[in-house]
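Notes follow once the structure below has been shown.
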There are 2 protein chains.
Amino acid sequence: MKSDTLAATPASAPHSGRRALIASFATELFHRKGYAATSMRELASVSGIEAPSLYNHFSSKETLLHEICFGMADAFVSTAQRIAAMDLPVENRLARAIEEHLRLLFSDREAVGVFVNEWRHLSEPSLQTFKSLRSDYEQFFAGLFQEGMQQGVFTQGDPLWLGRQLLLLMNGSVHSTAPLDEDAIAQLGQRFFNLWMGGVASRPAQIS
Amino acid sequence: MKSDTLAATPASAPHSGRRALIASFATELFHRKGYAATSMRELASVSGIEAPSLYNHFSSKETLLHEICFGMADAFVSTAQRIAAMDLPVENRLARAIEEHLRLLFSDREAVGVFVNEWRHLSEPSLQTFKSLRSDYEQFFAGLFQEGMQQGVFTQGDPLWLGRQLLLLMNGSVHSTAPLDEDAIAQLGQRFFNLWMGGVASRPAQIS
DNA sequence: CAAACATACGAACGATCGTTCGTTCGCGCG
DNA sequence: CGCGCGAACGAACGATCGTTCGTATGTTTG
């Protein structure tokens with residue numbers, strides 16, 4: 001019947017990246033409309049199938065969110081571990097951390113948007129695990145600032161506060177529209193690094 | 001029957017701030033769980049009434065969101081206009097803008113959280129109006145940076161980018177747990193101002 | 001060729017959604 | 001006293017939610 005025409009397209013991609021495709025559609029929807037406001041039927045619609053068929057690829061709606069959030073979380077922490085192991089001056093490690101964070105961020109801005117804004121819809125115990133990973137990553141940045149302060153490279157302050165603020169700042173880039181190429185990302189990293197290290201004043205600030 | 005006991009409590013507050021109370025409960029729920037994930041029945045439950053009774057005070061769920069978002073938006077833009085009219089050096093106006101923004105932010109962190117994160121669930125034409133107000137506020141900060149650059153007080157850069165980043169940074173404080181008193185807010189303002197003007201480096205950054 | 005498997009489907013489940021309706025009840029005002 | 005009105009309620013509406021089930025079909029494997 002209609003299976004000749006309808007099944008033709010799916011069959012043309014035997015067991016190909018259909019699952020990954022659905023995940024990327026889900027990422028876009030979760031990012032643009034939010035997890036709670038996205039229905040499985042809508043996800044199915046943009047995926048070109050019916051809602052029940054989604055469950056041949058993912059066991060639940062939350063599984064989709066889980067994969068997106070933990071996929072990004074794992075990428076961030078493993079990058080952090082790689083940089084932490086580098087034998088470089090602390091300010092260079094910070095510059096590297098900024099650049100790598102931005103690189104990861106711009107590799108999939110929508111996934112990062114979900115990672116940043118929708119993780120709270122995870123349920124236990126995943127929620128606790130996620131928070132733990134997130135805390136690890138914050139601690140990595142805090143550690144850089146603390147180390148820099150001990151060496152006198154950075155001015156004194158609350159390292160954890162500085163780390164969180166820096167992450168907050170960079171993550172804001174998920175809202176930008178245009179994708180950035182490799183060079184533009186490196187330049188943006190410089191921009192963040194310079195702002196963070198030197199501020200915006202032409203001379204040291206002097207206000208009571 | 002039960003009306004003797006049930007109606008007693010509501011009657012004790014004749015036509016008092018019931019409406020405002022519901023709005024504040026809604027703010028807390030929208031902030032903690034998100035607009036889409038908050039049901040009218042849950043809001044009614046924490047308000048101590050049944051769901052249909054909510055419609056004696058608000059004509060729809062979105063009306064609640066509308067009031068919260070535009071309440072904050074109006075407060076922010078009117079503050080901006082007040083500061084813009086001040087006869088002060090641009091860096092002092094920036095410091096004032098930071099402090100007043102934080103003051104407003106900490107006057108109701110939950111409402112700001114909704115203002116920042118849940119506005120996208122507004123529908124047209126409110127959505128366009130909101131974006132316009134938001135843009136006005138960003139332009140106010142961008143204007144400060146641009147003015148500072150023309151005077152040579154700030155280093156050159158993209159003023160709109162700087163403005164958005166600064167707002168992003170400050171708005172992150174909605175996630176902090178503890179409320180801050182007047183002095184603590186002023187100190188935090190100084191902290192932001194110093195970070196923004198002078199960065200974190202003990203000496204000017206020097207990395208290729 | 002047949003059995004097993006992956007993947008799609010329509011139908012439908014119970015739950016919950018935002019909201020409407022008709023009604024009741026108590027308070028304040030004439 | 002009586003009358004209206006704000007504010008509450010239970011019942012219920014249609015819609016939509018995430019998900020399950022039985023089934024059909026096409027591909028892969030033995």
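Owing to the predicted nature of the structure, the values given are computational and were not obtained by experimental measurement.
- Residue-environment remark: CZ (A/Arg96) stays at or below the threshold of 12 foreign heavy atoms within 6.0 Å.
- Every residue two or more places apart in sequence or in another chain that forms a salt bridge (charged side-chain N to carboxylate O under 4.0 Å, His left out) with B/Glu67 is listed here: B/Arg19.
- Between A/Glu50 atom CD and D/dA24 atom P the separation is 18 Å, expressed in whole Å.
- A/Ser47 places a side-chain N or O within donor-acceptor distance of the main-chain N or O of A/Leu43, the cut-off being under 3.5 Å.
- Under 3.5 Å, the side chains of A/Thr129 and A/Ser126 contain no donor-acceptor pair of N or O atoms.
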Distances for protein N or O near nucleotides 17-21 of chain C N or O, under 3.5 Å:
unit_1, atom_1, unit_2, atom_2, d
C/dC17, OP1, B/Ser39, OG, 3.4
C/dG18, OP1, B/Thr38, O, 3.1
C/dG18, OP1, B/Lys61, NZ, 2.8
C/dG18, OP2, B/Met40, N, 2.8
C/dG18, N7, B/Arg41, NH1, 2.8
C/dG18, O6, B/Arg41, NH2, 2.8
C/dT19, OP2, B/Tyr55, OH, 2.5
C/dT19, OP2, B/Lys61, N, 2.9
C/dT19, O5', B/Tyr55, OH, 3.2

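- Side-chain atoms of A/Asn56 and base atoms of C/dA8 include a donor and an acceptor less than 3.5 Å apart.
- Put simply, the side chain of A/Arg93 gets close to the backbone of A/Leu88: a donor and an acceptor are under 3.5 Å apart.
- The backbone N or O of B/Ser123 sits less than 3.5 Å from a side-chain atom of B/Glu62, completing a donor-acceptor pair.
- The phosphate of D/dG6 (OP1 or OP2) has no side-chain N or O of B/His57 nearer than 4.0 angstrom.
- One finds no side-chain N or O of B/Arg18 lying less than 4.0 angstrom from the OP1 or OP2 phosphate oxygen of D/dG6.
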